[in-house]
Amino acid sequence: MDFEEQRRNLVARLKAEGIIISPSVEKAMLTVPREEFVWAGLESQAYVDAPLPISDTAQTISAPHMVAIMLEKLDIKPGMTVLEVGTGSGYNAALIAELVGLEGKVVSIELIPKLAEFATSNLSKTGYGQRVQVIHADGSFGYPRGQEAVYDRICVTAASASIPNELVNQLKPGGIMLLPVGGPFAQRLVRIFKDDRGEVFRETLDWVSFVPLRRGDVK
Ligand code: SAH
């Protein structure tokens, strides 16, 4: 079975399971070639619904169902400006680029230099190089640090012990942020809404398991 057929089968399964709901997420997942984002040698597992290791850094590319859940909860629309914290392989950033379209903007921030490089190369070979800006820095305070209300959506793909205020501040009125909150092994997915008056609401969703959000000054 070729990659395209494997991709179609996986998307059909996630749809049948009720994980992929919207036509936009379905189309994005049918479009982005996950085999181009996995670590060399793991291409044959690209369409198994599981997280895969990326390099020897102990980081992982999230399982396709997890990525689909996050994208559905974020309700990303064409033209939006989206921040991702934790670029990893660049796969989720490419999906977000599909969702915001050519008039939107994706900024993705990655702490580990080797992964920022890996993601940049994956995104450029798949044609997303101009559509996603990969920044090598600590994203726990957002990007740029201290800037206020610039993002329609924020997607954090590493687990945080608490909800960083700096990230909430970077969300525009009407914005949505999704992040795993909790300890090193298990977290709850938390969705933050900021209303048009700037008031913030929090919704606690499923149990999840992400690698920890690390601080750049801690080795
Ligand atoms: N979204 C990725 C998977 C992310 S795994 C994908 O689609 O492949 C989580 C990533 O968060 C790892 O690459 C890890 O290095 C990164 N990370 C951890 N702490 C971070 C921080 N403070 N700032 C930016 N990236 C961070």
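Numbering of ligands and ligand atoms starts at 1, following listing order. The shown structure was predicted, so the numbers you read here are calculated from the model rather than taken from an experiment. Sequence positions, counted from 1, serve as the residue numbers for this chain.
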Q. Against heavy atoms of Leu213, which atoms of ligand 1 measure under 4.0 Å?
A. 19 (N), 20 (C), 21 (C), 22 (N)
Q: Show which atoms of ligand 1 fall inside a sub-4.0 Å distance from at least one heavy-atom site of Asn92.
A: 1 (N), 7 (O)
Q | ligand 1 contact on Ala119 by region, counting heavy-atom pairs under 4.0 Å | A | neither
Q. Within the distance-only criterion (no hydrogens, no angle test), does the side chain of Glu72 pair as donor or acceptor with the backbone N or O of Ile21 below 3.5 angstrom?
A. yes
Q. Can Glu84 be said to touch ligand 1, with heavy atoms closer than 4.0 Å?
A. yes
Q: Nearest 0.5 Å please: distance from the CG atom of Leu10 over to the CD atom of Gln6.
A: 9.5 Å
(Q) Any heavy-atom pair between the side chains of Met70 and Cys155 that's under 4.5 Å? (A) yes
Q. Just heavy atoms, cut-off under 4.0 Å: does Glu110 contact ligand 1 by side chain, backbone, both, or neither?
A. both
Q: May I ask you to list the residues sharing a hydrophobic cluster with Ile154, side-chain cutoff 4.5 Å, ordered by chain and number?
A: Leu83, Val85, Val107, Ile109, Ile135, Tyr143, Val150, Tyr151, Val156, Ile163, Leu167, Val168, Leu171, Met177, Leu179, Val181, Val190, Ile192, Val200, Leu213
Q.
Please list, in number order, the atoms of ligand 1 under 4.0 Å from a heavy atom of Ile112.
A. 15 (O)
Q: Would you check whether Asp138 has a nitrogen or oxygen atom less than 3.5 angstrom from a nitrogen or oxygen atom of ligand 1?
A: yes
Q.
With heavy-atom distances below 4.0 Å as the criterion, list the atoms of ligand 1 near Gly139.
A. 21 (C), 22 (N), 23 (N), 24 (C)
Cut-off 3.5 Å, no hydrogens considered: what does the side-chain donor-acceptor table look like for residues 88-97, sequence neighbours left out?
{"residue": "Ser89", "atom": "OG", "partner": "Tyr91", "partner atom": "N", "Å": "3.1"}
{"residue": "Asn92", "atom": "ND2", "partner": "Glu84", "partner atom": "OE2", "Å": "3.0"}

Q) Which ligand 1 atoms, with their elements, are less than 4.0 angstrom from a heavy-atom of Ile61? A) 8 (O)
(Q) Please classify the Thr87 to ligand 1 contact at 4.0 Å (heavy-atom distances, strictly less than): side chain, backbone, both or neither. (A) backbone
Q: Using a strict 4.0 Å cut-off to heavy atoms of Ala137, name the atoms of ligand 1 that fall inside it.
A: 23 (N), 24 (C)
Q.
If we set the cut-off at 4.0 Å for heavy atoms, which region of Val211 has an atom near ligand 1: side chain, backbone, both, or neither?
A. side chain
Q.
Is there a side-chain contact between Phe37 and Phe118 in this structure, where contact means two heavy atoms from C-beta onward sitting under 4.5 Å apart?
A. no
Q.
Given Tyr47, which partner from the list Arg13, Glu5, Glu4, Arg7 fulfils the side chain to side chain donor-acceptor pair (under 3.5 Å) test?
A. Arg7
Q) Do any nitrogen or oxygen atoms of Ile54 lie less than 3.5 angstrom from nitrogen or oxygen atoms of ligand 1? A) no
Q.
Check this for me - ligand 1, Ser62, N or O atoms closer than 3.5 angstrom, yes or no?
A. no
Q: Answer yes or no: is there an ion pair linking Glu199 with Lys194, defined by an N-O contact shorter than 4.0 Å?
A: no
Q | For Ser89, atoms of ligand 1 separated by under 4.0 Å from a heavy atom | A | 6 (C), 7 (O), 8 (O)
Q. Does NZ or CZ of Arg145 fall inside the cone over Phe141's six-membered ring, less than 6.0 Å from its centre and within 45° of the axis?
A. yes
Q: Taking atom types as modelled, find out whether Ser209 and Gln187 have a side-chain donor-acceptor pair closer than 3.5 angstrom.
A: no
Q: Identify, by atom number and element, the atoms of ligand 1 in contact range of Ser140, meaning under 4.0 Å from any of its heavy atoms.
A: 22 (N)
